[in-house]
Amino acid sequence: MNFYELLNGISEGVFDEQFRMLYGSSERAVLRARARYLSAAENFSRMKPDCSEIHVYSASGRTEIGGNHTDHQNGCVLAAAVSLDMIAIVSFHEEGVIRVNSEGYPQIAVSLDELGVKEEEKGTSAALIRGIAERFAEMGAKAGGFDVYITSDVLSGSGLSSSAAFEILIGTIINNQYNGGAASPVELAAIGQYAEKVYFGKASGLMDQTVCAYGGFVAIDFEEPDAPRITGVDFDFERAGYSVCITDTKGSHADLSAEYSAVSSEMEHVAEVLGCGCLREADEEEFYSKLPKLREVCTDRELLRAAHFFAENTRAAEEAQALADGDTERFFRLVSESGTSSAELLQNLYSNKTPQLQQIPLAIMLSKRFLGENGVVRVHGGGFAGTVQAFVPSYLAADYAAEMDRVFGDGSCCVLTIRPVGGYEILAVSR
């Protein structure tokens with residue numbers, strides 16, 4: 001479509017059905033989506049006033065519901081794509097460069113003539129773009145280039161996986177335009193993971209990218225990491241009378257890559273001592289029987305984190321089954337156990353570099369005090385800084401959000417809806 005078709009279509013409600021699918025059925029959600037896309041289109045038009053043809057894309061954030069730090073050991077997770085997303089206005093060209101203008105950030109330009117790893121780029125969005133383009137080039141899909149304006153409500157460091165959303169957004173754009181849409185969601189996820197590990201320089205499981213690419217509410221088994229088993233979970237929290245609330249505690253993620261990498265590397269060390277490639281291959285009973293010998297070569301924290309994996313991997317599958325059975329009481333009990341295990345065994349509620357900063361434990365304490373027996377709360381995502389997740393009776397959700405906002409700032413707590421698709425191109429359709 002062209003710029004004016006997009007603007008007129010938004011104003012006339014042409015895209016409202018797609019907005020309802022992505023952001024929820026309420027009129028407020030649709031009106032907010034209209035405003036966001038209008039703003040993005042107007043900002044893009046100022047960047048490229050003479051552009052004759054544009055495309056519009058969206059990629060979601062994700063919420064991890066079960067399986068905290070299990071995916072990088074080929075474990076099981078329970079997760080969902082959510083209504084917070086990144087949207088992109090794109091114009092394609094054949095100039096051999098990808099230029100990304102993200103709201104609030106300087107422009108990034110990546111030459112497609114130089115797709116090797118650049119050490120000086122590690123830790124940057126440019127590295128992710130270069131790694132994704134290189135992987136597609138290896139598959140025979142050579143990108144010509146494009147200009148893109150991106151705006152996001154998946155806040156960086158919020159625990160909703162803004163990096164995976166960005167990877168899937170760029171991957172979906174290249175896949176649709178230059179690869180005929182041939183890459184599956186699982187392949188898009190693997191491309192994003194590759195870029196994050198090899199080009200960005202951060203150890204990464206595959207859960208975040210898989211959920212952002214696949215969409216919906218899913219249970220994922222990574223026993224075969226190149227071909228994960230993905231099963232849809234048919235459960236509606238809203239219909240069951242609960243809201244999924246995520247609170248951003250505003251903890252800084254600066255310099256935390258070593259903390260995240262240590263979780264996987266310490267688990268891998270235990271697996272190695274047990275003669276396995278990862279903990280999924282290890283025998284839990286053997287682990288416990290050999291603890292005295294393991295302590296001679298493994299640290300106590302490594303052993304505690306391994307113990308977390310064994311229990312959490314089983315728990316994630318049990319959580320999915322509990323929801324399939326409609327047994328919310330059992331599900332919430334398992335969520336509570338997961339939160340306790342993350343705190344005591346995985347130890348990812350705050351950084352050891354700054355132990356005086358404990359926003360996540362503070363948010364958990366406040367949530368438990370507010371909810372009592374009426375809900376459940378746990379650390380969300382990677383931990384160390386970022387977010388907590390609470391399952392709150394819908395009649396208490398507004399009051400709970402107000403309490404979290406009172407302590408952590410306005411807008412800190414949001415109520416999520418689950419969206420059924422991952423990377424997505426917004427299409428003009430006749431009404």
Glu312 and Thr70 side chains, donor-acceptor separation under 3.5 Å
no
Which atom names give the shortest non-hydrogen contact between Leu6 and Ala41, and what distance separates them?
CD2-CB, 3.7 Å
Sub-3.5 Å donor-acceptor pair from the side chain of Thr354 to the main-chain atoms of Leu357, do we have one?
no
Looking at Phe15 versus Tyr37, is the centre-to-centre ring distance below 6.0 Å?
no
Considering residues, nucleotides and ligands other than Lys122, do more than 12 of their heavy atoms fall under 6.0 Å from its NZ?
yes
Checking Ser25, Ser243, Ser83, Ser26 against Thr417 for side chain to side chain donor-acceptor pair (under 3.5 Å), the one that qualifies is Ser83
What one should report as the nearest heavy-atom pair of Ala88 and Val148 is CB-CG2, 3.5 Å
Is the count of non-hydrogen atoms from other residues, nucleotides or ligands lying under 6.0 Å from Glu224 atom CD greater than 12?
no
Given the side-chain rings of Phe331 and Phe235, with only the six-membered ring counted for Trp, is the space between their centroids under 6.0 Å?
no
Check: Ser111 side chain, Asp113 main-chain N or O, donor-acceptor pair, under 3.5 Å
yes
Verify whether one side chain among Glu238 and Ser394 offers a donor that lies under 3.5 Å from an acceptor in the other.
no
If only atom types and distance count, is the side chain of Ser264 paired as donor or acceptor with the main-chain N or O of Ser261 below 3.5 Å?
yes
Please list all pairs passing the salt bridge (charged side-chain N to carboxylate O under 4.0 Å, His left out) test where one or both residues lie in residues 269-280, with sequence neighbours left out.
Asp221-Arg280, Glu223-Arg280
Short side-chain to backbone donor-acceptor contact, Asn175 and Leu188, under 3.5 Å:
no
Take Asp85 and Arg62, measure what salt bridge (charged side-chain N to carboxylate O under 4.0 Å, His left out) needs, and give me the verdict at the end.
CA-CA 9 Å; Asp85 71 343; Arg62 68 97 185 101; over 6 Å; no
Check whether any side-chain N or O of Asn176 sits under 3.5 Å from a backbone N or O of Gly181 as a donor-acceptor pair, and report yes or no.
no
List the atom of Val110, the atom of Ile108, and the distance in Å for their closest heavy-atom pair.
CG2-CG2, 4.0 Å
For the backbone of Tyr105 and the side chain of Ser102, can you confirm whether one donor and one acceptor N or O come within less than 3.5 Å of each other?
no
Kindly write out the residues that satisfy ring-ring contact (aromatic ring centres under 6.0 Å, His included) with Phe370, not counting sequence neighbours, or none if the list is empty.
Tyr400
Phe146 vs Ser91 side-chain heavy atoms within contact, under 4.5 Å:
no
If you apply the rule salt bridge (charged side-chain N to carboxylate O under 4.0 Å, His left out), what do you find for Glu302 with Arg305, and how did you get there?
CA-CA 5 Å; Glu302 288 175 335; Arg305 285 177 164 171; over 6 Å; no
Does Glu281, at its CD atom, have more than 12 non-hydrogen atoms belonging to other residues, nucleotides or ligands within less than 6.0 Å?
yes
Say whether Thr249 and Gln359, considering side chains only, have a donor N or O and an acceptor N or O under 3.5 Å apart.
no
Distance to the ring centre below 6.0 angstrom and angle to the axis at most 45 degrees; does that hold for Arg135 and Tyr194?
yes
Distance only, no hydrogens: is a donor on one side chain within 3.5 Å (strictly under) of an acceptor on the other, for Thr63 and Gln389?
yes
Any chance the rings of Tyr57 and Tyr424 have centres within less than 6.0 Å?
no
Return yes if some donor-acceptor pair links the side-chain N/O of Gln73 with the main-chain N/O of Cys278 below 3.5 Å, else return no.
no
Between Asn43 and Tyr149, does any side-chain donor sit less than 3.5 Å from a side-chain acceptor?
yes
Trace of the salt bridge (charged side-chain N to carboxylate O under 4.0 Å, His left out) decision for Arg239 with Asp236
CA-CA 5 Å; Arg239 195 182 311 144; Asp236 188 328; 3.5 Å; yes
Inspect the surroundings of CZ in Phe310 and state if more than 12 heavy atoms from other residues, nucleotides or ligands are less than 6.0 Å away.
yes
Please walk me through it: do Glu318 and Arg315 pass salt bridge (charged side-chain N to carboxylate O under 4.0 Å, His left out)?
CA-CA 5 Å; Glu318 291 176 348; Arg315 194 157 37 231; over 6 Å; no
Apply side-chain hydrogen bond (donor to acceptor under 3.5 Å, both in side chains) to the pair Glu64 and His380, showing each step before the final yes or no.
CA-CA 7 Å; Glu64 169 213 284; His380 178 251; over 6 Å; no
Is a side-chain N or O of Tyr23 found less than 3.5 angstrom from the main chain of Arg28, in a donor-acceptor match?
no
Please check if any side-chain donor atom of Arg419 sits under 3.5 Å from a side-chain acceptor atom of Ser58, or the reverse.
yes
Go through it in stages, so that I can follow the logic: the residues are Tyr242 and Phe237, the test is ring pair (Phe, Tyr, Trp, His ring centres under 6.0 Å), and I'd like the CA-CA distance, side-chain angles, deciding distance and then a yes or no.
CA-CA 5 Å; Tyr242 287 89; Phe237 282 107; 7.6 Å; no
